[in-house]
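Please read through the structure below; I'll follow up with questions.
Throughout, numbering of the chain's residues begins at 1 and tracks the sequence.
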Amino acid sequence: MTGSFQLMKSLNRSIIMNLIRTHSPISRAEIAKKAKLTPPTVTNIVNELLREDLILEGKTGVSKGGRKPILLTINKDSRFVFGVDVGAREVRVALTNLDAELVCHKRSSLPQGFNKEELMDTIKGIIQDVLDENLVERSRILGIGIGMHGIVDHEKGIAVYAPNFGLSDIRLKEELENTFSYPVKVENDARAMALGELWFGNGREKENVVVVNVGIGIGAGVIFNGRLYHGEHGIAGEIGHTIIDLNGRKCACGNYGCLQTVAGSSRIRQKAIEEMSLGRKSLVEELSEGDPDRIDGELVHRAAEQGDSLAEEVFEQTGRFLGLGIMNLINFVNPERVIIGGGVSKAGRFIMEPVKEVVETRALTDKARTTEIMASKLGDQGTITGAATLILAQLFDYHIS
């Protein structure tokens, strides 16, 4: 068997798997038609997938003159993948099936002032905890996908620079593959989230989407023609480090006035504390019992839900700054849809309404002003689902390198 034949067979296999994933239940004849492959080619690959237990034969379809076709579906519980979300304060790990449904979900807090070794120990420890529970056969686990904030070299699997950690050159792929002997894929957290939304969330059936992850930092995953866009040096989508105010606050990246300094979750807390220190009365003070350390975005949101004017103003200002960043993205990238995820998106209408108002009044053209803007469907599971999808894509997506 020649190398070119093997490559073609591998591509055809991925095409067939993806058609079954996206159109199931589906017949062999319909696969051949959609994939533009010969019926014998489809039959041979389908039989191979059945032997490997990756797909299932189910009910019969409607006859078009001959025997009723037997319909195929993905055997979603035949294989499993790890998704890892390395957040600012904790590491979350999920074991999922082929439909990104959670089998197990664990989290572990990161220690204060941790170094690279402590970060790796935390990630390895939580993965090992899941493996030790023996929930699935280890031979049925396909790999480990990781969503990591900051600048990521997705080809080498290295976190080049993680500004929220103050760490660089974290060799995630190399260390985890040496420890667990599973393939490892590493991606920026916002791009991982974008991939998750594309496959399982509000990006399905869309070709050009931007997914904005708003937490302590702000990043965006850009989908062009159904593919993740990385840019020449892997920094495409770093919207949080676009500069809004040259004389603004210093950012973790070292610059001043970055978007995340005025629209990230830390700014919500800071703004509420600043206003109260100037004498503003707020439910935030009551809910925090006078302890500033207890104030965070979630608490400010609780106050806003109870009609607190200061809390509402803080979110409105945050939403307007975020709206400016998204408006710039729309003018530059011109996506079909913008999806907002991450912790700040939980504020719902308090964030979304000012974001939409800015876009509707300031975007460049009438059509740009009507760009769909919506919250993530995946919510808290956005990055972890996207991380798992990095591995699923190796099985289903013939475009993935």
Side-chain angles (χ1 to χ4, degrees), residues 189-190 193-194 197 201-203 206 208-223 236-249 251 253 255-272 274-275 297-298 300-301 303-305 308-377 379 382:
D189 57 353
M193 179 183 287
E197 287 288 337
N202 281 333
K206 298 293 182 182
N208 300 294
V209 180
V210 173
V211 179
V212 182
N213 184 14
V214 190
I216 292 175
I218 302 176
V222 181
I223 306 290
E238 286 294 340
I239 181 178
H241 299 292
T242 55
I243 295 174
I244 299 295
D245 180 2
L246 283 170
N247 300 311
R249 296 170 188 81
C251 180
C253 72
N255 286 322
Y256 290 84
C258 291
L259 177 63
Q260 69 183 39
T261 67
V262 292
S265 61
S266 295
R267 183 57 190 157
I268 293 171
R269 175 181 183 274
Q270 292 165 358
K271 183 64 176 176
E274 285 173 8
E275 290 296 320
E298 183 179 352
V300 177
H301 182 219
E305 294 243 296
D308 182 73
S309 60
L310 171 58
E312 290 180 357
E313 286 175 25
V314 168
F315 278 119
E316 182 179 7
Q317 183 187 79
T318 301
R320 290 186 68 79
F321 276 121
L322 182 59
L324 286 173
I326 289 173
M327 179 201 69
N328 289 332
L329 265 180
I330 289 171
N331 287 344
F332 188 66
V333 179
N334 195 204
E336 298 171 73
R337 178 176 291 172
V338 175
I339 299 168
I340 301 177
V344 171
S345 68
K346 294 179 184 178
R349 64 183 177 87
F350 297 108
I351 282 288
M352 298 298 286
E353 288 179 4
V355 166
K356 291 179 180 180
E357 182 184 350
V358 169
V359 172
E360 288 168 1
T361 57
R362 299 196 179 206
L364 193 58
T365 66
D366 289 341
K367 287 186 176 180
R369 293 183 195 114
T370 62
T371 303
E372 285 186 291
I373 300 173
M374 62 180 61
S376 163
K377 179 181 178 179

- Message: Return the CD1 to SG distance between I243 and C253, rounded to the nearest 0.5 Å.
- Response: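 Separation between the atoms: 7.0 Å.
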
Nearest heavy-atom contact between L259 and F321 is CD1-O, 3.4 Å

- [ ] Mark yes when over 12 heavy atoms from residues, nucleotides or ligands other than K206 sit less than 6.0 Å from its NZ; otherwise mark no.
- [x]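 Counting other residues, nucleotides and ligands, NZ of K206 exceeds 12 neighbours.
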
inquiry  = Do I373 and V359 make a side-chain contact, defined as non-hydrogen atoms from C-beta onward lying under 4.5 Å apart?
reply    = yes

Problem - R267 bridged to E274 by N-O distance under 4.0 Å - result: yes

Nearest heavy-atom approach of L364 to R369 is O-NH2, 3.6 Å

* Locate the shortest heavy-atom distance separating A304 from F350; write the atom from each residue and the value. =>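 That would be O-CZ, 3.5 Å.
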
* Asked: For the side chain of N202 and the backbone of A375, is there at least one donor-acceptor N/O pair under 3.5 Å apart?
  -> yes

Q. Can you find a pair of side-chain heavy atoms, one from V300 and one from R269, that are under 4.5 Å apart?
A.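 No, side chains not in contact.
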
Taking side chain as C-beta onward, heavy atoms only, is L329 less than 4.5 Å from V212?
-> yes

- Item | Salt-bridge present (E316, R320; N to O < 4.0 Å) |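 So E316 does not pair with R320 through a salt bridge.
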
Legend entry - Separation of I244 CD1 from T261 OG1 (nearest 0.5 Å):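 Interatomic distance, T261 OG1 to I244 CD1, rounded to 0.5 Å: 8.5 Å.
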
query: Which heavy atom in N213 sits nearest to a heavy atom in A190, and how many Å separate them?
result: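 So the minimum-distance heavy-atom pair works out to CB-CB, 4.0 Å.
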
Side-chain donor/acceptor of E197 to backbone N/O of K377, under 3.5 Å = yes

Q) What do you reckon, is CZ of R362 surrounded by more than 12 foreign heavy atoms closer than 6.0 Å? A)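 For R362, atom CZ is not crowded (no more than 12 foreign heavy atoms under 6.0 Å).
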
Kindly compute the distance separating CD (E360) from OG1 (T371), expressed to the nearest 0.5 Å.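 Nearest 0.5 Å value for the CD-OG1 distance: 10.0 Å.
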
Discussion item. Between V262 and R249, does the side-chain contact (heavy atoms from CB on, under 4.5 Å) criterion hold? Intermediate values first, please.
Written reply: CA-CA 8 Å; V262 292; R249 296 170 188 81; 4.2 Å; yes

Are any of the side-chain heavy atoms of S265 and I216 separated by less than 4.5 Å?
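Counting from C-beta outward, S265 and I216 do come under 4.5 Å.
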
TODO: Any chance you could measure I339, atom CD1, to S345, atom OG, to the nearest 0.5 Å?
DONE: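 Interatomic distance, I339 CD1 to S345 OG, rounded to 0.5 Å: 11.5 Å.
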
All heavy atoms of V344 vs all of G264, minimum pair found to be CG2-C, 4.4 Å

So CD of Q317 and NZ of K271: to nearest 0.5 Å the spacing works out to 4.5 Å

Output for pair (E312 CD, E305 CD), nearest 0.5 Å, gives 10.0 Å

message: For a 4.5 angstrom cut-off between non-hydrogen side-chain atoms, does V355 reach I340?
response: yes

* Asked: Taking everything shown except E298 itself, do over 12 heavy atoms lie less than 6.0 Å from its CD?
  ->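 No - once you tally the heavy atoms of other residues, nucleotides and ligands closer than 6.0 Å, there are 12 at most.
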
Heavy-atom nearest pair, P354 first then F315, reads CG-O, 4.2 Å

